Amino acid sequence: MSLPSRLPAILQAVMQGQPRALADSHYPRWHHAPVTGLMNDPNGFVEFAGRYHLFYQWNPLACDHKFKCWAHWSSDDLLHWRHEPIALMPDEEYDRNGCYSGSAVDNHGTLTLCYTGNVKFDDGSRTAWQCLATENADGTFTKLGPVLPLPEGYTGHVRDPKVWQHEGRWYMVLGAQDLQKRGKVLLFSSADLHQWSNEGEIAGYAINGLDDAGYMWECPDLFPLGDQHVLICCPQGVAREKERYLNTYPAVWMAGAFDYERATFQHGELHELDAGFEFYAPQTLQTSDGRRLLVGWMGVPDGEEMRQPTLANGWIHQMTCLRELEFIDGKLYQRPLRELTALRDETHVWQDGPLPLSPMEIALDTDRSEALSIDFGGALTLQRDADGIRLMRRSLASDEIHTRYWRGEVRSLRIFIDQSSVEIFINDGEGVMSSRYFPVYPAQLVVTGKTPGAFCYWPLRTCMVE
Ligand code: FRU
């Protein structure tokens with residue numbers, strides 16, 4: 001039975017909210033953000049019939065995590081995106097508390113969404129259904145309903161299907177919590193996307209020598225990269241360290257050997273995917289030209305998100321820029337999508353003095369021994385010394401200064417600035433730090449330290465979703 005449609009309310013929210021969001025000085029000029037309400041995970045990132053599709057978790061009705069729909073953008077060049085019809089709304093009994101995260105596949109020429117129907121009960125418990133939906137000729141989607149109930153041995157926290165095809169068979173990883181409240185990644189396989197067999201647990205607590213690895217692993221994504229497989233996921237409950245795992249929840253990667261026959265993944269250590277303040281729930285896409293692209297949510301749940309100033313303008317959160325992944329000498333490299341150079345305006349050479357803060361890309365070669373400091377409008381500070389990078393900003397909740405760290409020799413930096421985000425690529429992608437910041441405009445970018453005798457920067461052209 002369908003629940004009453006919330007479309008009229010959604011339409012009203014967009015009509016009322018969009019002008020306010022777009023007029024906000026913190027609204028991104030070239031990143032994806034919601035036109036109103038709350039956006040979180042990227043979903044269904046796929047290349048289908050010559051177009052790229054990026055869906056996302058969206059609550060159009062309020063800046064909270066309650067009414068999760070799948071909204072949809074598409075693009076033919078990964079730079080210019082357009083709004084598509086809203087794809088999924090929580091309007092069936094089996095997804096009534098949210099059309100949660102998932103992926104998209106090309107099933108014999110039909111764009112098919114695999115998502116989690118989240119259901120909460122009055123006693124505080126919940127269940128989850130893995131569900132399908134297929135695209136219609138007009139760009140809307142028809143739900144096919146649940147194809148997988150909660151597997152035995154797990155709590156109601158089983159979600160975020162990432163589905164792919166290998167040698168004619170479908171595979172799916174799911175984030176899960178077992179009955180002992182330990183985080184796991186589950187593997188399923190299917191001939192037709194409808195009937196699924198449980199292949200077992202492939203990563204998580206007590207697997208591959210991990211002991212305490214948190215109570216829930218969200219948003220897994222498993223893919224080949226170079227001669228390895230890489231598993232990306234978001235383990236909740238990983239212990240904080242002095243300079244790592246400082247966000248409420250991290251996104252991590254681990255590399256190893258995935259065996260389809262035995263359904264095992266032998267992996268090495270967990271590594272934080274991004275050392276900045278905001279980065280979560282990333283998802284990857286294999287392009288037809290052979291690249292593995294990644295996009296993440298530049299937000300983290302349950303931290304200070306509800307204190308961000310954009311809430312006053314009825315919107316919250318944005319995506320990261322798109323990145324290209326490569327596996328080099330045992331490390332996962334993330335580089336800015338090569339197409340982004342098309343957003344560059346004229347090349348400028350910085351010599352001295354402050355710059356007006358505005359969307360721009362900066363490229364610096366850094367000399368190890370010299371200290372360098374960059375102040376982003378008084379709202380975020382980067383400091384480089386011989387140990388690496390420190391990124392500092394004031395808490396939105398108190399006067400405390402929070403710091404994030406990247407450790408290692410810093411040889412070069414490419415920094416991508418938007419109205420309220422900074423993405424720092426270290427050593428051609430060896431490290432990345434993604435963060436939101438909320439300067440009061442007009443603001444200045446101040447570079448100090450001897451290192452950058454001169455460096456290049458490019459104002460970035462506005463590239464809004466249409
Ligand atoms: C991660 C997450 C997913 C879930 C979605 C709900 O941010 O909690 O596990 O599917 O968000 O919006």
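These numbers come from the heavy atoms of this one structure, side chains and all, not from hydrogens, waters or symmetry mates. Just follow the structure's listing: the first ligand is 1, and inside any ligand the first atom is 1. Predicted, not measured: the structure shown is a model, and the values here were computed from it.
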Show me a pair-per-line table, with atom names and distances to 0.1 Å, of protein N or O atoms that are under 3.5 Å from an N or O of ligand 1.
residue, atom, partner, partner atom, Å
ligand 1, 7 (O), D41, OD1, 2.7
ligand 1, 7 (O), D41, OD2, 3.4
ligand 1, 8 (O), E218, OE1, 3.4
ligand 1, 8 (O), E218, OE2, 2.9
ligand 1, 9 (O), R159, NE, 2.8
ligand 1, 9 (O), D160, OD1, 3.4
ligand 1, 9 (O), D160, OD2, 2.7
ligand 1, 9 (O), E218, OE2, 3.0
ligand 1, 10 (O), S101, N, 3.1
ligand 1, 10 (O), D160, OD1, 2.5
ligand 1, 11 (O), N40, ND2, 3.3
ligand 1, 11 (O), D41, OD2, 3.2
ligand 1, 12 (O), N40, ND2, 3.0
ligand 1, 12 (O), Q57, OE1, 2.6
ligand 1, 12 (O), K68, NZ, 2.9

ring-ring contact (aromatic ring centres under 6.0 Å, His included) partner of W73, the single match among F45, F55, Y52, Y56: Y56
Check: H80/R82 side-chain N/O donor and acceptor closer than 3.5 Å: no
Side-chain touch R29/L460, heavy atoms, less than 4.5 angstrom: no
R338 bridged to D289 by N-O distance under 4.0 Å: no
Closest non-hydrogen atom pair between Y215 and Q177, with its separation: O-NE2, 2.9 Å
Flag side-chain contact, heavy atom, 4.5 Å: P34 against I316: no
